[in-house]
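Let me begin by presenting the structure, written as structure tokens, before commenting on it.
We count ligands from 1, going down the list as the structure has it; atoms in each ligand are counted the same way. Computation of the quantities below employed the complete heavy-atom set of this structure, encompassing side-chain atoms and omitting hydrogens, waters and symmetry-equivalent molecules.
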Amino acid sequence: AQAPVNVTVTGAAGQIGYALLFRVASGQLLGADTPVRLKLLEIPPAVKAAEGTAMELDDCAFPLLSGIDIYDDPTQAFDGANVALLVGARPRTKGMERGDLLEANGGIFKPQGEAINAGAADDVRVLVVGNPANTNALIARSHAPDVPADRFTAMTRLDHNRALSQLSAKLGVGVADISRLSIWGNHSATQYPDIFHAEVAGKPASELVDEAWLTDDFIPTVAKRGAAIIEARGASSAASAANAAIDHVHDWVNGTPEGDWTSAAIVSDGSYGVPEGIISSFPVVSRGGAWEIVQDLEISDFSRQRIDASVQELTEERDAVAALGLI
Ligand code: NAI
């Protein structure tokens, strides 16, 4: 039998954690043949709640779940990790400036990066979900110099899935009929959901919608969907975020379908004028267990402006964490 894959999940007692862990344990992250061992990381006051979730995981009697360990120490939690889902983060609270937010998260993602560097498995793959996700991933990466940079990613798959859903509703087609959508830039309100390379049942999507719909409806709806969910649910997206994390890691490990691509925030190699080293969302495929940026797409002025604006925000966040000594 295959040895279990160690999956470390931080923020395990939070609402995304609750939506995520059962799907990981049931085999939806890595496939129905791959046993998993869960390593949960929480802060001390939330360890008891994580233990409660672990009791429920036990009660599911998942055949693929070979064990659960709970930690409040990152070094132990990331020891031997093959997949690391960094969900726990410090949310922005009232009156908090951006600098305070970045600093508080630096206090989380720096030690986690160090712990990954110290003890994670050689094949470790890291997905940062906790916001500000791109910059938190940059902080973790910069404290893990022995881990290849391309193992650090941040999640824009939820934005990608939201864009698929909005376009499918607009055109009255199934999401499976749509391919080659892209999310560029930061997982924030400046992100750019790009339909100019997308196809709908083989036809260019841009011929099926007008620019006013893109500008006034599609782009802001996708970018502000998180806020709309909070407004409606009274709590932020959790199950859809967990679903996107599953999709991201599943495709990273198993590959993306031929002829299509997806979106993920990965370390820029300078493609499309995105400064090297920042963690920005691109259209990507996964081949042989690694993400590759889709190359040679033509970028119109409409797209260029929007990509640049989001990338500008990312370089500002990078400069801010550099000034704070966090990278
Ligand atoms: P939550 O507040 O319900 O749970 C967060 C958990 O993280 C808490 O249990 C907390 O104790 C834990 N935590 C805090 N610091 C920690 C540390 N140093 N180590 C381990 N655990 C720690 O939040 P929720 O709803 O689960 O969201 C988690 C994060 O995901 C938030 O930052 C949220 O903004 C982000 N998010 C990102 C999305 C994306 O698309 N990238 C989508 C939705 C949410």
Side-chain angles (χ1 to χ4, degrees), residues 8-21 38-54 69-78 81 84-93 96 101-116 126-140 143 153-163 183 185-191 193 222-230 233-249 262-266 279-281 314:
T8 300
V9 180
T10 77
Q15 47 150 12
I16 294 176
Y18 194 74
L20 180 61
L21 291 169
L38 284 172
K39 293 169 71 74
L40 310 184
L41 179 66
E42 260 297 350
I43 52 175
V47 162
K48 186 150 187 255
E51 285 168 0
T53 303
D69 294 296
I70 303 170
Y71 306 96
D72 62 10
D73 166 36
T75 307
Q76 291 176 321
F78 289 108
L85 304 174
L86 276 49
V87 178
R90 175 72 161 76
R92 190 190 287 254
T93 40
M96 208 175 187
L101 180 75
L102 293 172
E103 192 158 25
N105 279 293
I108 296 174
F109 288 87
K110 176 174 185 270
Q112 292 186 0
E114 290 167 347
I116 289 166
V126 182
L127 170 62
V128 177
V129 175
N131 282 319
N134 302 53
T135 296
N136 288 341
L138 181 69
I139 295 170
H143 295 282
T153 66
M155 191 167 91
T156 53
R157 186 60 173 264
L158 178 54
D159 309 300
H160 182 94
N161 288 343
R162 286 167 171 166
I183 304 291
N186 200 1
H187 169 68
S188 76
T190 67
Q191 66 174 266
V222 172
K224 294 179 192 157
R225 185 71 166 177
I229 300 282
I230 294 175
R233 257 188 106 225
S236 59
S237 340
S240 55
N243 177 69
I246 297 272
D247 284 351
H248 177 114
V249 174
T262 186
S263 304
I266 68 173
I279 297 186
S280 184
S281 189
L314 282 172

Tell me, which protein residue and heavy-atom name are nearest [atom], and how many Å apart are they?
| atom | value |
| --- | --- |
| atom 37 (C) of ligand 1 | V129 O, 2.9 Å |
| atom 5 (C) of ligand 1 | G14 CA, 4.2 Å |
| atom 10 (C) of ligand 1 | E42 OE1, 3.5 Å |
| atom 3 (O) of ligand 1 | Q15 N, 2.9 Å |
| atom 34 (O) of ligand 1 | N131 ND2, 2.9 Å |
| atom 26 (O) of ligand 1 | I16 N, 2.9 Å |
| atom 16 (C) of ligand 1 | I43 CG2, 3.4 Å |
| atom 14 (C) of ligand 1 | A89 O, 4.0 Å |

Could you tell me whether [X] and ligand 1 have an N or O pair separated by under 3.5 Å?
| X | result |
| --- | --- |
| G11 | yes |
| H187 | yes |
| A241 | no |

| task | Under the side chain to side chain contact (heavy atoms under 4.5 Å, CB included) rule, what do L20 and I246 come out as? Steps first, then yes or no, please. | result | CA-CA 8 Å; L20 180 61; I246 297 272; 3.9 Å; yes
| field | Test item: protein heavy atom less than 4.0 Å from atom 40 (O) of ligand 1 | value | yes
| said: Just so I know, are the side chains of L86 and F78 near enough to count as touching, which here means a heavy-atom distance under 4.5 Å? | reply: yes
| said: For a 4.5 angstrom cut-off between non-hydrogen side-chain atoms, does S236 reach I229? | reply: no
| task | For residues R90 and A104, report the shortest heavy-atom separation together with the two atoms involved. | result | CG-CB, 3.5 Å
| note | Taking every heavy atom of A137 against every heavy atom of A154, the minimum-distance pair comes out as CB-CB, 4.1 Å
| request: Could you pull out, from L40, I108, L41, the option with a heavy atom nearest to atom 18 (N) of ligand 1? | output: I108
So is [X] in contact with ligand 1, going by heavy-atom distances below 4.0 Å?
| X | answer |
| --- | --- |
| P91 | no |
| Q112 | yes |
| A238 | no |

| task | Evaluate the side chain to side chain contact (heavy atoms under 4.5 Å, CB included) criterion for residues I70 and E42: first the C-alpha distance (whole Å), next the side-chain angles of each, then the deciding distance (0.1 Å), finally the verdict. | result | CA-CA 8 Å; I70 303 170; E42 260 297 350; 5.5 Å; no
For residues [X] and [Y], is any side-chain donor paired with an opposing acceptor at under 3.5 Å?
| X | Y | answer |
| --- | --- | --- |
| Q191 | S281 | no |
| N161 | D247 | yes |
| S240 | R157 | no |

Which of the numbered atoms in ligand 1 are under 4.0 angstrom from any heavy atom belonging to [X]?
| X | answer |
| --- | --- |
| S237 | 43 (C) |
| A13 | 9 (O) |
| L158 | 40 (O), 42 (C) |
| V87 | 28 (C), 29 (C), 30 (O) |
| S236 | 25 (O) |

| What do the steps show when you test L40 against L21 for side chain to side chain contact (heavy atoms under 4.5 Å, CB included), and what is the final call? | CA-CA 9 Å; L40 310 184; L21 291 169; 3.6 Å; yes
| said: Set out, in order, the CA-CA distance, both residues' side-chain angles and the distance that settles side-chain hydrogen bond (donor to acceptor under 3.5 Å, both in side chains) for S237 and R162, then state yes or no. | reply: CA-CA 12 Å; S237 340; R162 286 167 171 166; 2.9 Å; yes
| request: State which residue, out of L41, I108, V128, L85, fulfils the side-chain contact (heavy atoms from CB on, under 4.5 Å) condition with T10. | output: L41
| task | For I16 and V129, run side chain to side chain contact (heavy atoms under 4.5 Å, CB included): C-alpha distance rounded to whole Å, both residues' side-chain angles, the deciding distance at 0.1 Å, then the answer. | result | CA-CA 9 Å; I16 294 176; V129 175; 4.1 Å; yes
